[in-house]
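Just below is one structure, and these are the notes that go with it.
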Protein chains: 2
Amino acid sequence: MEHELEQLTIQEVAELSGLSAHTLRYYERIGLLRPIGRAANGHRRYSQVDVSLVIFLTYLRATGMPLRQMRAYVQYLEDGPESIQQRLSMLEEHRRTVQAHMAELQRNMAAIEKKIALYQELLESTPTT
Amino acid sequence: MEHELEQLTIQEVAELSGLSAHTLRYYERIGLLRPIGRAANGHRRYSQVDVSLVIFLTYLRATGMPLRQMRAYVQYLEDGPESIQQRLSMLEEHRRTVQAHMAELQRNMAAIEKKIALYQELLESTPTT
DNA sequence: ATACACCTTCGAGTATGCTCTAAGTCAAGC
DNA sequence: GCTTGACTTAGAGCATACTCGAAGGTGTAT
């Protein structure tokens, strides 16, 4: 079983990316990944470029970017170097979104912490033992 | 239109909480809020306690707690003071979850920032003008 | 009395993102 | 030759959390 040119199977990419093979096929189906190359027997063979993209997509996904928007990014990628400004803008916009989201998490968490502190006080003033 | 004992209508609670009236009814339907008191005409009247709970629930929700788990928390609330330890444990566990989530957001965002930096360099070395 | 706003219930529909199943192909090992 | 395992497709199913629509009741204003 030779890996000519470092082509990886779907299972290998699944392990590398943390996505399931199902999800990798799904991403391809919805146009998030352009059609992946095939071995003689019809099995997918992921190139290093494919794998890098998949992994980068997991970063976008893990920071809450919707698949729809990820697809737009991939579309820009396929447009080549002309779209670098657009890609940059997208990622910068996404960064603002993520930062706002984290700020909101912290705001809401602070409110929850107050309840935690309240419960702790209640338990200290009325100990179980 | 008197507000005896500061009972609020569903619209007022919707505005206060940021949830829609639809969502408030939905929350009641799935047992996240126990049956809300009614005016003579059958309309819901939210007490101050109800409103405080709704607002606290929005904090849990905004930090990613699933409705299922929020329902468990509300269940503990209804068990009264005996459940304070359990409620505290739940909230502390949730805090750990949220902190882990924020750490992951930052880890992934850092990877995206590298791409942003790369694109910025590319644009500087090959300016549009 | 009639319009209007606001509420009610119940059930269905929507959006997102997977996740799984069924039926089939193919290559390698026993 | 036959089993095993990894792969393929197309399409269905599922989990979560809403979100909406239809049909109807009620209270106030004109």
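Predicted model, so just to flag it, every value in this text is computed and none were measured. Numbered from 1 within each chain, the chains take letters A, B, ... in sequence-line order.
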At less than 4.0 Å, is any side-chain N or O atom of [X] found next to OP1 or OP2 of [N]? Yes or no.
X       : N      : answer
B:Tyr27 : D:dA17 : no
B:Arg29 : C:dC10 : no
B:Thr23 : D:dA17 : no
B:Arg38 : C:dT9  : yes
A:Arg68 : C:dG17 : no
A:Arg44 : D:dT8  : yes
A:Tyr26 : C:dC20 : no

Within a strict 4.5 Å, meaning less than it, do heavy atoms of the B:Val13 and B:Arg44 side chains meet?
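In short, these two side chains do not touch, never coming nearer than 4.5 Å.
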Side chains of B:Leu57 and B:Val74, heavy atoms from C-beta outward: is any pair under 4.5 Å?
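Yes, their side chains come closer than 4.5 Å.
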Does atom CZ of A:Arg68 have more than 12 heavy-atom neighbours, drawn from other residues, nucleotides or ligands, at distances under 6.0 Å?
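Counting neighbours around CZ of A:Arg68, 12 or fewer heavy atoms of other residues, nucleotides or ligands fall under 6.0 Å, so no.
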Can you measure [X] atom [atom1] to [N] atom [atom2] for me and round it to whole angstrom units?
X       : N      : atom1 : atom2 : result
A:Gln7  : D:dC7  : CD    : P     : 15 Å
B:Leu24 : D:dC18 : CG    : C1'   : 12 Å
A:Leu8  : D:dC7  : CG    : P     : 12 Å
A:Asn41 : D:dT4  : CG    : P     : 21 Å
B:His43 : C:dC6  : NE2   : P     : 11 Å
B:Ile36 : C:dT8  : CD1   : C1'   : 15 Å
A:Ile30 : D:dG11 : CD1   : P     : 17 Å
B:His22 : C:dC7  : NE2   : P     : 11 Å

Working to the nearest 0.5 Å, report the span between CZ of B:Phe56 and CE of B:Met70.
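These two atoms lie 9.5 Å from each other.
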Taking only the side-chain heavy atoms of A:Arg61 (C-beta and beyond), determine which of C:dT8, D:dA17, C:dG17 contains the nearest atom.
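It is C:dG17.
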Could you say whether B:Met65 or B:Ala40 is positioned toward the 5' end of DNA chain D, judged by the nucleotide with the nearest heavy atom to each?
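Result: B:Met65.
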Would a distance-only check, ignoring hydrogens and angles, find a side-chain to backbone donor-acceptor pair under 3.5 Å from A:Arg71 to A:Gly31?
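Judged by distance alone, no pair lies under 3.5 Å.
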